[in-house]
Amino acid sequence: MKKMLGIILLTMMVSSIILIGCNQSKPKQKNDGDNVADSKKDELMMAFGSEPETGFDPTTGWGRYGSPLFQSTLLKRDDKLQIVNDLAVSYEVDKEDRKIWTVKLRDDIKFSDGEPLTAEDVVFTFETATKNGSVVDLNVMEKVEALDKLTVKFTLKEPQSTFINTLAATGIVPKHAYGADYAENPIGSGPYQFVQWDKGQQLIVKANPNYYGKKPYFKQVTFLFLSEDASFAAAQAGEVDIAYIPAAFSNREVPGMRLEAVETVDNRGIVFPFVKSGNFTEDGLPIGNDITADPAIRHAINIAIDRQALVDGVLEGYGTPAYTSVDGLPWWNPNTVIEDADLDGARKLLEKAGWKDTDGDGILDKDSMKAEFTLYYLANDEIRQSLAISVADMMKPLGINIKIEGASWDVIGNNMYSSAVLMGWGSHDPHEMFNIYGSENAGIDYYNTGFYENKKVDEYFQNAIGAASETEAIEFWKKAQWDGTTGLSAKGDAAWAWLVNIDHLYLVKDGLDIGEQRIHVHGHGWPATDNIVDWKWSN
């Protein structure tokens with residue numbers, strides 16, 4: 001298959017597909033009698049909408065929402081989300097102070113350029129990530145050392161059980177080949193190696209002959225960066241083997257392709273200002289909202305929302321109701337599930353708290369306050385817009401007036417500490433729960449924008465983070481959500497109203513086996529490629 005030099009563009013309004021600058025021969029269209037083997041090739045064409053704006057450098061965040069592809073990590077999660085070795089043959093945490101992590105490496109690892117991967121490369125990677133000050137949070141790391149060619153010692157400032165996720169999410173870069181242009185010309189020890197990146201159009205990779213693990217079936221993979229409409233058009237035209245599509249296209253069949261729906265923790269929810277108004281950030285931004293600071297308002301919204309209706313109506317049935325940011329993961333507490341779509345229960349709760357419509361305008365009031373507030377959502381996100389509109393409509397019969405406002409992240413950033421915001425999270429790292437809800441993270445970037453605080457929840461967080469292992473920590477992560485008396489979930493403080501987990505939808509060519517897809521994370525990366533070495537044409 002020749003390399004595609006252009007991209008497929010679709011103008012749905014005129015229902016036409018335009019192929020630009022393409023010198024790739026079009027895939028053979030199969031008749032009913034053609035043998036499936038005719039389509040079995042060792043090159044794969046994929047249509048994905050997301051393109052990493054900052055390139056493919058793990059020290060600045062590449063690979064944290066899906067496989068780093070070009071690079072390998074010390075540890076990784078398997079299909080059951082259990083931690084297993086990757087570059088490492090073993091790791092050990094000092095049993096006494098739990099601040100020393102010692103990792104031993106395999107002795108057969110080479111980068112795609114043939115140079116060996118050693119402990120020095122691991123040290124260089126983590127030191128570089130620290131210097132870059134990126135989304136790779138290494139504040140807890142005091143130092144990293146190479147004890148010998150194959151042994152790395154991490155010294156933490158304090159115990160942190162979730163440091164294991166940093167080892168599982170940070171791809172190792174080569175010290176000898178790292179420079180200013182690394183993000184655009186990555187070298188690594190992963191299953192695939194970089195060939196070509198035409199920004200805004202496509203990425204071409206090929207199998208890494210030096211890869212130490214299971215050899216990929218596909219020798220070359222091309223990622224086309226297309227809009228949702230164009231991805232669907234490319235699938236219709238037979239130009240791609242797999243295409244990521246939105247729920248809006250899920251009911252439209254494409255001959256020769258099947259729809260694969262993958263469960264996720266790619267969630268959407270409403271974060272409420274948890275405290276009353278009156279304070280300001282260091283930058284002068286207002287904090288708090290007197291309406292959402294009332295727990296009766298937050299609880300009423302949580303139990304009145306019909307989450308299944310949101311799944312059916314907004315997501316075309318491809319999703320699940322959400323109750324926390326970690327639904328279905330090993331550290332999720334299933335006791336956080338609530339009975340929702342309960343308008344009568346919500347009305348009684350509000351009435352008991354003193355909310356009444358005294359002037360007959362359809363909006364509840366209490367102590368001269370109206371039960372109304374603004375809900376911001378990202379303006380160019382149709383799903384967030386539809387969710388915001390739907391929730392606002394669901395609240396009208398209660399007498400709660402939610403004024404929805406589409407805006408850019410810059411505008412949202414100026415208002416998110418004093419207004420409700422429809423946000424999305426979702427990762428395989430329980431530490432994200434602490435980021436979202438921990439009181440010490442209040443007002444830091446997009447973490448804990450509502451300034452939520454519960455001393456008992458904070459205590460559970462500290463116990464979880466300071467635990468000797470992830471297994472030991474899970475008990476505390478679950479209790480932080482709900483311990484039977486208090487917690488961060490809707491059964492407790494209801495600091496958020498979680499709405500839905502969005503299924504990731506792919507049109508997959510018949511005969512293409514994409515293996516067992518683990519629960520996907522938030523859609524910033526390419527979570528579907530986590531197991532790309534298992535992909536193949538089936539018999």
Side-chain angles (χ1 to χ4, degrees), residues 56-64 66-78 81-95 98-132 136-138 140-156 160-178 182 186-194 207-216 428-429 468-470 530-533:
F56 307 101
D57 184 352
T59 70
T60 59
W62 161 247
R64 305 197 77 73
S67 167
L69 196 65
F70 306 116
Q71 298 89 5
S72 305
T73 51
L74 296 174
L75 305 171
K76 63 182 180 181
R77 291 193 182 272
D78 63 14
L81 300 182
Q82 300 301 308
I83 292 290
V84 295
N85 292 325
D86 190 0
L87 289 174
V89 294
S90 68
Y91 74 94
E92 182 179 355
V93 183
D94 181 82
K95 294 181 179 179
R98 301 198 296 278
K99 292 190 292 186
I100 307 297
W101 292 57
T102 306
V103 180
K104 291 191 176 296
L105 305 177
R106 297 172 58 134
D107 61 2
D108 59 346
I109 310 297
K110 291 183 179 180
F111 289 106
S112 56
D113 62 0
E115 292 295 316
L117 186 155
T118 71
E120 289 292 344
D121 297 297
V122 177
V123 171
F124 176 79
T125 297
F126 281 86
E127 287 183 341
T128 301
T130 301
K131 294 173 185 175
N132 285 340
V136 185
D137 185 3
L138 290 172
V140 74
M141 190 180 76
E142 183 175 296
K143 61 181 177 178
V144 55
E145 308 164 86
L147 300 185
D148 57 43
K149 188 176 180 180
L150 297 176
T151 308
V152 184
K153 177 183 176 182
F154 295 90
T155 302
L156 307 186
Q160 187 183 93
S161 65
T162 53
F163 187 68
I164 199 168
N165 295 286
T166 303
L167 303 184
T170 307
I172 303 304
V173 303
K175 182 177 181 180
H176 69 275
Y178 187 89
Y182 179 83
I187 291 174
S189 57
Y192 283 91
Q193 65 185 80
F194 178 86
N208 176 8
N210 294 317
Y211 185 54
Y212 53 91
K214 181 179 179 180
K215 303 300 182 185
H428 290 160
D429 185 349
S469 67
E470 182 171 273
D530 272 354
N531 68 335
I532 196 168
V533 295

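Since the model is a prediction, treat every value here as computed from it, not as a measurement.
- Using bins of under 30°, 30° to 60° and over 60° for the plane-to-plane angle, the ring pair Trp101/Tyr91 lands in the parallel bin.
- For Asp94 (side chain) and Lys99 (main-chain N/O), no donor-acceptor pair under 3.5 Å exists by modelled atom type.
- Closest non-hydrogen pair, Pro68 versus Trp62, comes out as O-NE1, 2.7 Å.
- Smallest separation of non-hydrogen atoms from His428 and Arg77: O-NE, 3.2 Å.
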- prompt: Does the pair Leu167 and Phe154 meet the rule for a side-chain contact (heavy atoms from CB on, under 4.5 Å), with working shown?
  reply: CA-CA 10 Å; Leu167 303 184; Phe154 295 90; 3.9 Å; yes
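- Remark: Thr118 OG1 to Leu105 CG distance equals 8.0 Å, nearest 0.5 Å.
- Not a single donor-acceptor pair under 3.5 Å links the side chain of Thr130 to the backbone N or O of Leu138.
- A donor-acceptor distance shorter than 3.5 angstrom exists from the side chain of Asp121 to the backbone of Lys175, with no hydrogens or angles considered.
- Taking NZ from Lys76 and CD from Gln82, the interatomic distance works out to 14.0 Å, rounded to the nearest 0.5 Å.
- Between the OG1 atom of Thr60 and the OH atom of Tyr182 there is a distance of 10.0 Å, given to the nearest 0.5 Å.
- The shortest non-hydrogen separation linking Ala119 to Asp148 is CB-O, 3.2 Å.
- Proximity of Thr170 to Arg64: side-chain heavy atoms (C-beta onward) are separated by under 4.5 Å at one or more points.
- A donor-acceptor contact under 3.5 angstrom links the side chains of Thr151 and Lys104, judged on distance only.
- Separation of atoms OG (Ser189) and CD (Gln71) is listed at 8.0 Å; rounding is to 0.5 Å.
- Tyr211 places no side-chain N or O within donor-acceptor distance of the main-chain N or O of Ser112, the cut-off being under 3.5 Å.
- Closest approach of Gln193 and Pro209 over heavy atoms only: OE1-CD, 3.0 Å.
- Counting heavy atoms from C-beta on, the side chains of Asn165 and Leu75 never come closer than 4.5 Å.
- Within the model, atoms CG of Asp78 and CG of Asn531 stand 11.5 Å from one another, a figure rounded to the nearest 0.5 Å.
- Side chains of Pro58 and Thr125 form no contact here, defined as non-hydrogen atoms less than 4.5 Å apart.
- For the residue pair Asp57/Tyr178, the side-chain donor-acceptor check at 3.5 Å is satisfied.
- Around the NZ atom of Lys149, the shell of radius 6.0 Å holds no more than 12 heavy atoms that belong to other residues, nucleotides or ligands.
- Considering only heavy atoms from C-beta on, Tyr212 comes within 4.5 Å of Leu87 through its side chain.
- With contacts defined as side-chain heavy-atom distances shorter than 4.5 Å, the pair Leu117/Arg106 does not qualify.
- In this structure, the separation between CD on Glu115 and CD1 on Ile187 is 9.5 Å, given to the nearest 0.5 Å.
- Between Ala177 and Asp113, the shortest heavy-atom distance links the atoms CB-OD2, 4.4 Å.
- Between the Asn208 side chain and the Pro191 main chain, no donor and acceptor come within less than 3.5 Å of each other.
- In terms of heavy-atom proximity, Asn210 sits nearest to Phe111 at ND2-O, 3.2 Å.
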